[in-house]
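Not measured: the values here are computed from a predicted model. One-based numbering, in listed order, for ligands and for the atoms of each.
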Amino acid sequence: MAVETTPRPLAGPLPGGSEGAAVSVEPMVTGTIQVPEVIQASPSGEMGLFKALRAMRGPTRAVPVPAFLVQHPTAGPLLIDTGLHPSIASDPAANLGRLAASMTEPVIGKGEDVPARLRAQGIEPSSIRTVVLTHLHVDHASAVSEFPGAACVVSKAEWEDATSGLVPILKYYRPQQFDHALDFRTVDYEADSVNSFSTFGRSFDLFGDGSVVLVSTPGHSAGHQSVVLRTGAGTLLVAGDAIFLDGQLEPGADLAARARDRHNYERSIRELALFHREHPSATITPGHDPGFYESLPARIG
Ligand SMILES: [Zn+2]
């Protein structure tokens, strides 16, 4: 489908940063989807598309779909990813499309979706000013329409891949989720102005104060990005789906069966693994690890 929404390039930091700022982060599991274990960690390496689609019919397990509420002292609350859309509780196909809905069998408990959790804390979803999308896959961009007041920050390469091609769902995109009159802002990691940060070759300091640094970790999807957060309790790196499971940064770990670009995927894993080695006390969140989110505190920093 042709996408009507036109994003604007994000040339410099968003307003609201303040020197030395530290954020606090609330990880939120917004529901579960069914995923074959072999897709998350394949002992035999990469799988072709049709073998992967067949694997979706095999044994699966429920995995969490996380999103993160970040409280910045001067830039206000922001989200990283949006979790499953509230409508999925009653009609999964409306938001995900029939194929993804039947493959993933999503489940959302009452009050688990991000808008409900924000309202429970007295935050109106329309008051969220910034949404960072690690990527636009259906289980990450699902609820972006619920945040009409936000600048929605995504990488340029991700936007271009998600809005091109004839059958977006084969790349795990559903443009109907994000083709709304939203203020999409794209980060061009190929631009000359982009800097390196720690072990990452390409980064973008979102508020210019070092508290929320976007780093380019492509490969799982074309323009996947991760987020390095300076919290009051140390560093938290939201790795999106650059890794699915805790432990995938260890040498020799089984990696995902599918990646949009295998070379970039493995290079991003190496950059993340190096970061992990150089910052052993930092917490790095995997995309869909069943046990991981239960072990995290309700609020970090
Ligand atoms: Zn993904």
Side-chain angles (χ1 to χ4, degrees), residues 27-42 46-47 49 52-53 55-56 60-68 79-85 88 92 95-97 99-101 103-106 114 131-144 152-155 157-165 167-175 177-178 214-227 237-246 248-249 255-262 264-269 272 284-290 292-293:
M28 301 176 284
V29 171
T30 70
T32 61
I33 53 173
Q34 292 287 330
V35 175
E37 277 178 51
V38 70
I39 292 288
Q40 291 198 308
S42 165
E46 194 177 4
M47 251 182 205
L49 174 62
L53 285 172
M56 298 302 293
T60 60
R61 64 174 167 176
V63 302
V65 179
F68 300 82
L79 290 172
I80 302 173
D81 290 339
T82 64
L84 296 174
H85 191 276
I88 288 175
N95 179 268
L96 294 169
L99 181 65
M103 284 196 315
T104 59
E105 301 173 47
V114 174
V131 174
V132 174
L133 293 152
T134 59
H135 61 311
L136 292 170
H137 280 172
V138 292
D139 51 332
H140 293 256
S142 176
V144 70
C152 301
V153 181
V154 65
S155 87
E158 184 70 10
W159 181 269
E160 287 173 354
D161 199 41
T163 55
S164 62
V167 192
I169 198 62
L170 290 181
K171 296 188 282 189
Y172 217 45
Y173 298 119
R174 188 153 202 264
Q177 289 179 337
F178 51 80
L214 314 183
V215 294
S216 176
T217 49
H220 165 75
S221 65
H224 188 282
Q225 59 186 353
S226 300
V227 189
L237 196 166
V238 174
D241 287 355
I243 48 168
F244 279 139
L245 303 174
D246 197 23
Q248 280 181 320
L249 297 179
L255 301 179
R258 293 280 303 161
R260 180 78 175 111
D261 182 309
R262 196 77 197 175
N264 284 345
Y265 170 65
E266 292 183 5
R267 191 186 61 191
S268 293
I269 295 248
L272 286 160
I284 301 180
T285 68
H288 301 284
D289 187 300
F292 181 83
Y293 289 92

Applying side chain to side chain donor-acceptor pair (under 3.5 Å) between S221 and each of H137, E158, K171, report the one that passes.
E158
Option passing side chain to side chain donor-acceptor pair (under 3.5 Å) with Q40 (candidates R61, Q248, R258, H288):
R61
Whether H224 has an N, O or S atom under 2.8 Å from the Zn ion (ligand 1)
no
Short N/O/S contact of D139 with the Zn ion (ligand 1) (below 2.8 Å):
no
Given the rule in the side-chain hydrogen bond (donor to acceptor under 3.5 Å, both in side chains) test, do N264 and H224 qualify, once you have shown the distances and angles that lead to the verdict?
CA-CA 10 Å; N264 284 345; H224 188 282; over 6 Å; no
Looking at side-chain heavy atoms only, is the closest gap between V227 and F68 below 4.5 Å?
no
Could you identify the N, O or S atom of D241 positioned closest to the Zn ion (ligand 1)?
OD2
Atom name in H137, limited to N/O/S, at shortest distance from the Zn ion (ligand 1):
ND1
Plane angle bin for F244 and H220 - parallel if under 30°, tilted between 30 and 60°, otherwise perpendicular:
perpendicular
Taking N, O or S atoms only and a limit of 2.8 Å, check whether H140 reaches the Zn ion (ligand 1).
no
